[in-house]
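Here's the structure, in structure tokens; my notes come after.
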Amino acid sequence: MKKALKLGLLAMLVFALAVALVGCGGSEPAKEPAQEQAADPGASKLIVGSDTTFAPFEFADAATGKYIGFDVDLIEALCEEAGYELVFQSMSFDGLIPALQTSQIDAAISAMTITDKRKEVVNFSDTYYKSGLIVAVQAKNEDIKGFDELKGKKIAVQSGTTGAMEAEKVPEAKITYFTNTDQALLELKNGAVDAVINDYPVSAYFVQQGNEDVKLVGDILSAEEYGIAVPKDKPEVLEKLNGALKTLKENGKYAEIYKKWFGEEPK
Ligand code: ARG
């Protein structure tokens with residue numbers, strides 16, 4: 001009797017789910033099925049979040065609007081190698097970790113530094129890029145020569161980044177937080193702030209892209225390593241991405257992508 005009841009309920013549930021799925025329409029990324037398929041490497045989708053305002057790692061191509069960059073090429077190659085169908089999702093940087101924690105996304109590739117604090121709530125893949133922080137100021141600025149001269153200055157940063165954490169250590173600094181790094185750098189160009197603390201390769205790329213009114217000063221602060229973040233409860237995703245990364249490093253594909261974006265051999 002009880003068993004029949006259970007079966008009946010199950011049948012109703014399956015029917016309701018089917019109706020809901022059909023009702024969803026085709027174009028929406030169906031998140032639930034993507035996660036259910038995760039056990040099947042042949043067909044499973046991998047929803048990957050990224051803050052796409054961080055050239056040359058992830059940004060929209062000015063001509064086509066398509067997302068491009070080192071991280072974009074890398075995650076495409078990794079998914080191909082690991083047998084995932086990539087679903088790339090642009091979102092704000094400080095929303096990535098919460099999205100991982102609530103399983104809205106399966107991974108995040110966003111020039112994200114592997115830190116002990118983040119490791120408490122998400123897992124990280126093996127390192128795929130070595131980075132560090134740098135101070136950017138207006139080219140005409142003569143008094144800020146690096147991190148030591150930032151005391152009491154107006155500093156712009158991107159929310160939730162290691163650059164923001166570094167700015168918070170500066171005595172009496174007046175910090176302005178932006179959703180995008182681009183906005184922080186523009187604020188500097190406009191002279192509304194004295195400095196930006198950000199990842200070296202990104203600020204260097206910004207200067208190279210015709211922003212000669214901005215310069216980088218001082219030494220690169222503290223070695224940072226980027227990793228792909230994965231929810232704690234998806235060890236199989238982590239394992240597959242690490243396996244694929246190892247393969248791409250061995251077969252030259254990683255070096256090829258690295259050279260394409262940085263013009264040199266991987267460090
Ligand atoms: N590496 C820095 C961090 O992990 C900044 C990363 C920002 N990435 C981005 N796509 N906006 O905090």
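Remember, it's 1-based here, ligands and their atoms both numbered in the order they're listed. Because the structure is predicted, anything quoted here is derived from the model rather than measured.
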Taking C-beta and beyond as the side chain, do [X] and [Y] meet within less than 4.5 Å on heavy atoms?
X	Y	value
L241	L46	yes
E225	F124	no
E149	D194	no

query: Which of the numbered atoms in ligand 1 are below 4.0 angstrom from a heavy atom of Y226?
result: 1 (N)
task: Taking only heavy atoms of F93 into account, list the atoms of ligand 1 that are under 4.0 Å away from them.
output: 3 (C), 4 (O), 6 (C), 7 (C), 8 (N), 9 (C), 11 (N), 12 (O)
query: Between F57 and Y226, does the ring centre distance come in under 6.0 Å?
result: yes
- prompt: Is there a heavy atom in F57 that sits closer than 4.0 Å to ligand 1?
  reply: no
- prompt: Is D199 near ligand 1, meaning one of its heavy atoms is under 4.0 Å from it?
  reply: yes
message: For V207 versus L216, what's the shortest heavy-atom pair and its separation?
response: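 V207 and L216 have their closest heavy atoms at CG2-CD2, 4.2 Å.
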message: Testing the basics here: between A229 and M112, what is the closest heavy-atom pair and its distance to 0.1 Å?
response: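 Shortest heavy-atom separation between A229 and M112 comes out as CB-SD, 4.0 Å.
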field: Short N-O contact, K66 and D61, less than 4.0 angstrom
entry: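 A salt bridge is absent here (no side-chain N lies under 4.0 Å from a carboxylate O).
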query: Quick one: do E264 and K259 make a salt bridge, cutoff under 4.0 Å?
result: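 No, this pair does not count.
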message: Side chain, backbone, both or neither: which applies to D51 and ligand 1 if a contact is any heavy-atom pair less than 4.0 Å apart?
response: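 The answer is both.
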query: Side chain or backbone of R118 under 4.0 Å from ligand 1, or both, or neither, by non-hydrogen atoms?
result: side chain
- line: To atom 8 (N) of ligand 1, the nearest of S110, A55, S90 on a heavy-atom basis is S110
Any N/O pair [X]/ligand 1 closer than 3.5 Å:
X	answer
T53	no
Q158	yes
T161	no

- prompt: Considering only the protein, which heavy-atom contact is closest to atom 6 (C) of ligand 1, and what is its distance?
  reply: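 Its nearest protein heavy-atom neighbour is A111 O, 3.2 Å.
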